[in-house]
Amino acid sequence: MVKTAHGEFQTPVFMPVGTQATVKTQSHAELKELGAEIILGNTYHLYLRPGADLIASAGGLHEFSGWDRPMLTDSGGYQVFSLKALNRITDEGVEFQSHLDGSRHIFTPENVVEIQRKLGSDITMPLDVCTEYPAEHRKAEKDAARTLQWLKRAKAAWIANPSRQVLYGIVQGSIYEDLRERCLNDISEIDFPGLALGGLSVGEPKEDLLRILDFLAPKLPPEKPRHLLGVGTPEDLLDGVLYGVDTFDCVMPTRNARNGTIFTRKGKMTIKAAAYASDFRPIDPECGCPACRNYTRAYIRHMLSVGEILGLRLTTAHNLYFYINLIKQIRQAIKDKSYKSFRQEKLAEMSEGSEHLY
RNA sequence: GGAGGGGUUCCCGAGUGGCCAAAGGGAACAGACUGUAAAUCUGUCGGCUCAGCCUUCGGAGGUUCGAAUCCUCCCCCCUCCA
């Protein structure tokens with residue numbers, strides 16, 4: 001259980017990504033119905049539009065958007081990675097050009113704290129350098145050292161003007177155990193209330209992700225919540241929990257939904273496939289989501305192929321329901337002290353293939 | 001009846017003697033997507049025994065070393081005039 005200024009949420013939890021203060025295609029009422037307890041917004045995107053001051057003048061993100069449950073904002077560190085062609089990193093911070101109009105901006109550890117203060121999110125992330133994959137040890141080391149300096153400055157900025165918001169630390173270090181360990185040790189001296197693991201699932205082999213999680217898990221402070229940034233697939237969630245991850249965020253369920261990939265208990269289903277054109281059954285007869293309760297595969301496929309918005313809404317609702325429900329089942333299994341066998345069963349079921357849903 | 005324009009690979013549409021199995025777009029099909037520049041992107045898209053061959057640009061015939069492109073006749077569509 002994690003408490004925030006806007007209520008509490010249970011862990012482990014999956015938070016849908018709502019970059020621009022909206023989880024694409026879903027209303028807040030719908031998100032709640034799907035069981036979303038916390039959502040994520042993005043500092044970089046909201047800073048550019050509509051602007052932190054405007055959101056502050058509305059009273060913060062919660063007032064602005066109408067979402068009254070907890071909210072986490074990512075720092076823009078990921079955009080340093082995903083929009084790297086548009087920015088330049090220095091010790092001071094990141095000089096970047098807006099992907100919208102090319103205008104120049106500077107993000108520093110300090111002003112990213114300040115911007116998020118204006119946004120009023122409950123959990124905030126410091127500016128970090130998300131190391132790309134593959135990266136040589138030297139490069140990863142440099143990024144990690146810079147991230148650490150930025151974390152110290154971010155923490156100092158927060159202390160200078162404390163708030164009810166919490167500021168997490170972020171562990172970088174790419175796929176190198178020595179760097180991950182050094183990051184963790186250095187960060188522990190700064191005393192963050194929660195820790196995020198960054199720079200994972202950025203293209204590295206799955207075994208590297210698991211190796212790093214396995215390596216870090218016993219070294220992480222047990223009393224502090226652990227967030228696994230940007231991860232992942234349903235299988236990743238099952239694995240992450242094994243290593244004590246408390247919170248996850250990922251665009252996968254929402255983005256893949258819009259692109260026609262549906263997640264089911266028996267694995268992925270590409271609903272746009274011709275095979276479903278005249279399949280008048282629900283996606284999954286055992287799923288309780290709004291799409292499965294009321295619509296057929298053929299109809300959902302039709303909605304997507306003709307470009308109707310309802311198709312995007314239905315697949316998004318299904319995937320979020322699937323992720324959130326999976327997490328709920330995980331919580332129950334943990335309560336029942338049967339998580340390891342639960343995980344094995346789930347992984348086995350997911351590998352069967354969606355053609356075995358009936 | 002007269003004048004003009006046009007029929008191209010599933011659709012739209014470029015191509016007016018060789019570099020054309022034929023631009024581009026769409027559709028279709030397959031794949032990708034992990035702190036969202038994403039309702040996006042990539043690939044395939046006549047057939048085969050696939051570095052080659054065969055069939056194809058309304059139909060038939062002809063000119064030419066070579067034709068979707070030139071000529072003749074025919075069929076169909078559109079616009080304007082009567």
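The chains referred to below are lettered A, B, ... by the order of the sequence lines, with proteins before strands, and numbering in each begins at 1.
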Exercise. Determine which nucleotide pairs with B:rG24, using a 3.5 Å limit on both distances of a Watson-Crick or G-U wobble pair.
Key: B:rC12
Identify each donor-acceptor pair in which a side-chain atom of residues 270-277 of chain A lies under 3.5 Å from a protein atom, sequence neighbours left out, and give them as a table.
from, atom 1, to, atom 2, distance (Å)
A:Lys272, NZ, A:Asn259, O, 3.3

Quiz item: For A:Ile309, which contact category applies under a 4.0 Å heavy-atom criterion: base, sugar-phosphate, or nothing?
Solution: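 The residue A:Ile309 makes base contact.
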Quiz prompt | Candidate list A:Asp128, A:Thr108, A:Ile170, A:Leu127, test side chain to side chain contact (heavy atoms under 4.5 Å, CB included), partner A:Trp150, passing option | solution =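 So the option named by the test is A:Leu127.
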Quiz item: Base, sugar-phosphate alone, or nothing: which one does A:Asn256 contact when heavy atoms must sit under 4.0 Å apart?
Solution: base
Self-check item: C1' atoms of B:rC33 and B:rA68, separation to the nearest Å
Solution: 42 Å
Quiz item: Which is the 5'-most and which the 3'-most nucleotide of RNA chain B that has an atom under 4.0 Å from a heavy atom of chain A?
Solution: B:rC29 to B:rU40
Quiz item: Given that both distances must come in under 3.5 Å, which nucleotide forms a Watson-Crick or G-U wobble pair with B:rC80?
Solution: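 Its partner is B:rG2.
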Practice problem: Enumerate the residues from residues 9-22 of chain A whose closest heavy atom to RNA chain B is under 4.0 Å, giving them by residue number; use none for an empty result. | Solution: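 Those residues whose heavy atoms fall under 4.0 Å from RNA chain B, taken from residues 9-22 of chain A in numerical order, are A:Val17, A:Thr19.
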Quiz item: Is the charged tip of A:Arg265 near the ring of A:Phe322: under 6.0 Å from the six-membered ring centre and within 45° of its axis?
Solution: no
Exercise. Could you give the distance separating B:rU64 and B:rC10 at their C1' atoms, to the nearest angstrom?
Key: 34 Å
Practice problem: Would you mind classifying the nucleic acid contact of A:Thr254 as base, sugar-phosphate or nothing, using non-hydrogen atoms under 4.0 angstrom? | Solution: base
Quiz item: What is the nucleic acid contact for A:Glu235, judged by heavy atoms within less than 4.0 Å: base, sugar-phosphate only, or nothing?
Solution: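 Nothing: the residue A:Glu235, judged by heavy atoms under 4.0 Å, touches no strand.
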Practice problem: State, yes or no, whether a side-chain contact exists between A:His99 and A:Leu48 at a heavy-atom distance under 4.5 Å. | Solution: yes
Self-check item: Inter-nucleotide C1' distance (B:rA38, B:rG58), Å rounded
Solution: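 Straight-line distance between the two C1' atoms is 44 Å.
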Quiz item: Under 3.5 Å, is there a donor-acceptor pair linking the side chains of A:Asn87 and A:Gln79?
Solution: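 Absent: no donor and acceptor within the cut-off.
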Quiz item: For A:Gly199, which contact category applies under a 4.0 Å heavy-atom criterion: base, sugar-phosphate, or nothing?
Solution: base
Quiz prompt | Nucleotide forming a Watson-Crick or wobble pair with B:rU40, both distances under 3.5 Å | solution = B:rA32
Self-check item: Watson-Crick or G-U counterpart of B:rU63, or none if no pair lies under 3.5 Å
Solution: none
Quiz item: Can A:Thr261 and A:Asn256 be counted as having a side-chain donor-acceptor contact under 3.5 angstrom?
Solution: no
Exercise. Would you indicate what A:Ala273 reaches in the nucleic acid, counting non-hydrogen atoms under 4.0 angstrom: base, sugar-phosphate, or nothing?
Key: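 Sugar-phosphate contact only.
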Practice problem: Using a heavy-atom cut-off of under 4.0 Å over every strand shown, decide if A:Leu72 touches base, sugar-phosphate, or nothing. | Solution: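 It contacts nothing in the nucleic acid.
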Exercise. Using a strict cut-off of less than 4.0 Å between a Lys/Arg side-chain nitrogen and an Asp/Glu carboxylate oxygen, indicate whether A:Lys346 and A:Glu349 qualify as a salt bridge.
Key: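 The answer is yes: the pair qualifies as a salt bridge.
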Quiz item: Heavy atoms under 4.0 Å, any strand shown: does A:His227 hit a base, just sugar-phosphate, or nothing?
Solution: nothing
Quiz item: Can you find a pair of side-chain heavy atoms, one from A:Met15 and one from A:Ile39, that are under 4.5 Å apart?
Solution: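 Not touching, per the 4.5 Å side-chain cut-off.
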Quiz prompt | Given A:Thr4, A:Thr43, A:Thr73, A:Asp74, the one that forms side chain to side chain donor-acceptor pair (under 3.5 Å) with A:Ser121 | solution =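 Looking at A:Thr4, A:Thr43, A:Thr73, A:Asp74, the match for A:Ser121 under the side chain to side chain donor-acceptor pair (under 3.5 Å) is A:Thr73.
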Self-check item: Cation-pi, A:Phe215 ring and A:Lys219 (6.0 angstrom, 45 degrees)
Solution: yes
Quiz item: When rounded to the nearest Å, what value does the distance between P atoms of B:rC71 and B:rG52 take?
Solution: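 One P to the other, the span is 33 Å.
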Practice problem: Between B:rU9 and B:rG15, how far apart are the P atoms? Round to whole Å, please. | Solution: 16 Å
Quiz item: So which one's nearest nucleotide on RNA chain B is more toward 5', A:Lys268 or A:Tyr78?
Solution: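 Upstream on the strand: A:Lys268.
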Practice problem: Could you give the distance separating B:rC11 and B:rC45 at their C1' atoms, to the nearest angstrom? | Solution: 14 Å
Quiz item: Angle class for the A:His62/A:His6 ring planes (parallel below 30°, perpendicular above 60°, tilted otherwise)?
Solution: parallel
Quiz item: Reckon A:Asp236 touches a base, only the sugar-phosphate, or nothing at all at heavy-atom distances under 4.0 Å?
Solution: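 The answer is base, as A:Asp236 lies within the cut-off (heavy atoms under 4.0 Å) of a base atom.
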Self-check item: Watson-Crick or G-U wobble mate for B:rC48, both contacts under 3.5 Å
Solution: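 B:rG52 - that is the nucleotide pairing with B:rC48, both distances being under 3.5 Å.
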Exercise. Determine the interatomic distance between P on B:rU56 and the same-named atom on B:rG6; round to the nearest Å.
Key: 25 Å
Exercise. For A:Thr261, report the nucleic acid contact type (base, sugar-phosphate, nothing); a contact means any heavy atom under 4.0 Å.
Key: base
Quiz prompt | Integer angstrom distance from the C1' of B:rA23 to that of B:rA32 | solution =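 Taking atom C1' in both B:rA23 and B:rA32, they lie 27 Å apart.
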Quiz item: Where each residue is assigned the nucleotide of RNA chain B containing its nearest heavy atom, which of A:Lys24 and A:Ala275 is assigned the position nearer the 5′ end?
Solution: A:Ala275
